[in-house]
Each structure stands twice: as structure tokens, then as C-alpha cells.
2 protein chains.
Amino acid sequence: MSVSTTEELLAKWERQLRKGLLHLLVLAVLDKGETYGYELISKLGKQLGADMAEGTIYPLLSRLQSEKLISAEWQIMESGPARKYYHITDAGRDLLNQMLSHWAHVNDGIERMVHP
Amino acid sequence: MSVSTTEELLAKWERQLRKGLLHLLVLAVLDKGETYGYELISKLGKQLGADMAEGTIYPLLSRLQSEKLISAEWQIMESGPARKYYHITDAGRDLLNQMLSHWAHVNDGIERMVHP
DNA sequence: AGTAGTACCTTGTAAACCTAGGTATATTAT
DNA sequence: ATAATATACCTAGGTTTACAAGGTACTACT
């Protein structure tokens, strides 16, 4: 088993970091307005500078919905496949604000640690 | 299966967020000077405002060492159990800088998303 | 002798991203 | 017509990793 390159390690780390951030980002996007899964993937890809896999987003949306943090409804399109539009709920907005608060706290901690 | 409370969901999320952050934080601490596992746990606990479990840190230190991002040496204490002191390597410092760069980028992305 | 504090480690479980598939509809090119 | 592309959804299985819960060993204090 060889030692990985820095590039490989960085990519692996970025993937791990996303695990926690994705919840926050999805709720933040939905807080700005309704959207559907396929569009969400491209929005997040731009924000994070990395393409999000569908196998990541769709299960996440299901989990958020089962936790009642977001709600969903199908909309038949005049052209193209139907879309499942998601909205943030009050509980979701509540959690989002607490996440942002915690995020700011952690960010301060890192700032102090890097620039003491 | 009942819906979780906001507190439970937040705690769960914070745990996930740590998955990515811990690598960065451990390397950042070691970049400021050598340290040993037990002391590292209390330092991180203060920074993150949450007590880190030993079962989290010790395996992480082993992984970082096997990736040659940190190095370790035992030191016999005049009093008390021996300590395993860790140092950051050049490769570790290199990765840390790239992590911080990516972190800043992601942080900007979140800022723009929350305050457009 | 017993308790508490320091310091290390391992095993097993749960969570969640991602790869690699799959389905279905509409448009465009051949 | 029909093949290819784009849009849009989903799932199963592998992999990683934080954490709980357990363990070992040394020292100091009562």
C-alpha cells in the first residue's frame, strides 16, 4: 500500500469536508427559493467548485424531507420530464440558522488557530 | 420512527462537519508546535467547543502518520505515563496550506450564498 | 488498598458521500 | 423513422470515519 500524493489526499479531504457542509448548503439554497434536484446539483457545483454526484444529492434530499426540514411536490412540465420541487420548512429554516451560527463559531476558531 | 428534534439534528450535523475539519485542525495545531494525543484532545475541545473522543483522535493520528503527514516519537516522562509526541512533516505542511486555501474558497462561497 | 488522573490503544456501529448502474421524457441529428 | 443527446429522477453497494465502549499501564493521594 503506497503513500498517496498530496493531490489525492486533498481531494479526499475536500470530499470529507463536503459531508458536513452539504446539509447547510442545500438548506441555504432552498432558503433563497424553491428549486429541484437537478438544478440544485449545478448550483452547488458552481458554489463548491466541484461537481456534485447525483447519487449524493438525491439521497440527501430524501433524508432532509423525511426529517421534515424540506417539503416536496411534483410539477408536470409542458416540455421535458417532471420535476420535484423542494421548499424549506420552518423547522429547516430554524436548523439552518443554528448551523450558520455554529459555522461562524468554528470559523472563528480556525482563524484564531491559524493566525494567533 | 419519529422525527428528531432540532437539537438532535444540529448535534448530528456538527459531528459530520467535524469529519472534514478534524484533519485541518490537527495539522494546524501541529504546525504551531509538537504535541501529544492527550493534550491535543483538550486543545481541540476548546477550539471546537465540544469534547473530542479519544476513539476519534488516536485513530486519526495513526492515519495521518501512515500518510506521512505527521511523524511521531515516544518520550519517557520523569513522572507519569510515556507520551507520543507528534510533529508535522513537510508534506503535512504542504497539505495544510492547500486545505486552508480551499477552506477560504468554500467560506467565500457560503458567504455569497447566505448574503447575496 | 483503592481511587483518580494521565496517557495510550482497539473493536464495532452508524452515517453519508460517491461510483455505477438504472428508468423515463423530450429534443435534435442522421 | 431512429439514434443520440439532454433533462430529470432514483437505488445498491463500497468506503471512509466519528464515536461509544471497552481495555492497558503508570503515578499520586488518601
Side-chain angles (χ1 to χ4, degrees), chain A residues 1 4 8-27 34-45 48 50-67 69-70 72-86 106, chain B residues 1 4 8-26 34-45 48 50-67 69 72-86 106:
Chain A
M1 192 167 61
S4 308
E8 287 167 345
L9 291 174
L10 185 67
K12 202 166 116 183
W13 174 71
E14 291 179 2
R15 216 163 54 219
Q16 284 301 318
L17 183 63
R18 249 175 261 157
K19 284 199 191 189
L21 284 178
L22 265 186
H23 282 69
L24 187 154
L25 288 170
V26 169
L27 289 177
E34 68 168 16
T35 218
Y36 57 99
Y38 199 78
E39 188 186 45
L40 186 64
I41 290 169
S42 74
K43 281 188 180 176
L44 290 174
L48 292 181
D51 290 331
M52 300 307 309
E54 298 188 357
T56 303
I57 298 301
Y58 288 116
L60 172 59
L61 287 171
S62 291
R63 288 196 300 273
L64 292 175
Q65 189 180 6
S66 74
E67 292 290 2
L69 301 171
I70 63 179
E73 58 184 23
W74 283 99
Q75 282 190 22
I76 310 297
M77 296 291 103
E78 292 181 1
S79 138
R83 297 171 179 172
K84 204 185 206 172
Y85 275 90
Y86 289 94
V106 167
Chain B
M1 192 166 61
S4 307
E8 287 167 344
L9 291 174
L10 186 66
K12 205 165 111 181
W13 175 71
E14 290 178 4
R15 214 165 56 221
Q16 283 301 319
L17 184 62
R18 252 175 255 153
K19 281 200 189 189
L21 284 177
L22 266 185
H23 282 69
L24 188 154
L25 288 169
V26 168
E34 67 168 17
T35 250
Y36 57 101
Y38 199 79
E39 189 184 45
L40 186 63
I41 290 169
S42 74
K43 282 188 179 177
L44 290 175
L48 291 182
D51 291 331
M52 300 308 309
E54 297 187 357
T56 302
I57 298 301
Y58 288 117
L60 173 58
L61 287 171
S62 291
R63 289 197 300 272
L64 292 176
Q65 189 180 6
S66 73
E67 293 288 2
L69 300 171
E73 59 184 23
W74 283 98
Q75 282 189 22
I76 310 297
M77 297 290 105
E78 292 182 1
S79 141
R83 297 171 179 172
K84 203 185 207 171
Y85 275 89
Y86 290 93
V106 168

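Order of the sequence lines fixes the chain letters, A, B, ..., with proteins taken first and strands second; residue numbering starts at 1 for each chain. Any value given below was found using the heavy atoms of this structure, including those in side chains, with hydrogens, waters and symmetry copies removed.
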5' precedence on DNA chain D between A:Pro81 and A:Lys19 (nearest-nucleotide basis): A:Pro81

Touch class at under 4.0 angstrom, heavy-atom based, for A:Gln16 against every strand present: sugar-phosphate

With sugar-phosphate meaning primed atoms plus P, OP1 and OP2, does B:Lys84 contact a base, only sugar-phosphate, or nothing at under 4.0 Å between heavy atoms? sugar-phosphate

If you look at every strand shown and take non-hydrogen atoms under 4.0 Å, does A:Gly37 touch a base, only sugar-phosphate, or nothing? sugar-phosphate

Once you apply a heavy-atom cut-off of 4.0 Å, does B:Gly80 come out as touching a base, just sugar-phosphate, or nothing? sugar-phosphate

Starting from the 5' end of DNA chain C, give me the residue, A:Ala82 or A:Arg63, whose nearest nucleotide shows up first. A:Arg63

Does OP1 or OP2 of C:dC18 have a side-chain N or O of A:Thr56 closer than 4.0 Å? yes

Sugar-phosphate, base or nothing in reach of B:Ala53, heavy atoms under 4.0 Å: sugar-phosphate

Given that B:His23 and B:Met77 both sit by DNA chain D, which one's nearest nucleotide is further toward the 5' end? B:His23

By the 4.0 Å heavy-atom rule, please label A:Trp74 as base, sugar-phosphate, or nothing. sugar-phosphate

Has A:Trp74 got a side-chain atom pairing as donor or acceptor with A:Ala82's backbone, closer than 3.5 angstrom? no

Short side-chain N/O contact to D:dA8 OP1/OP2 from A:Tyr36, under 4.0 Å: yes

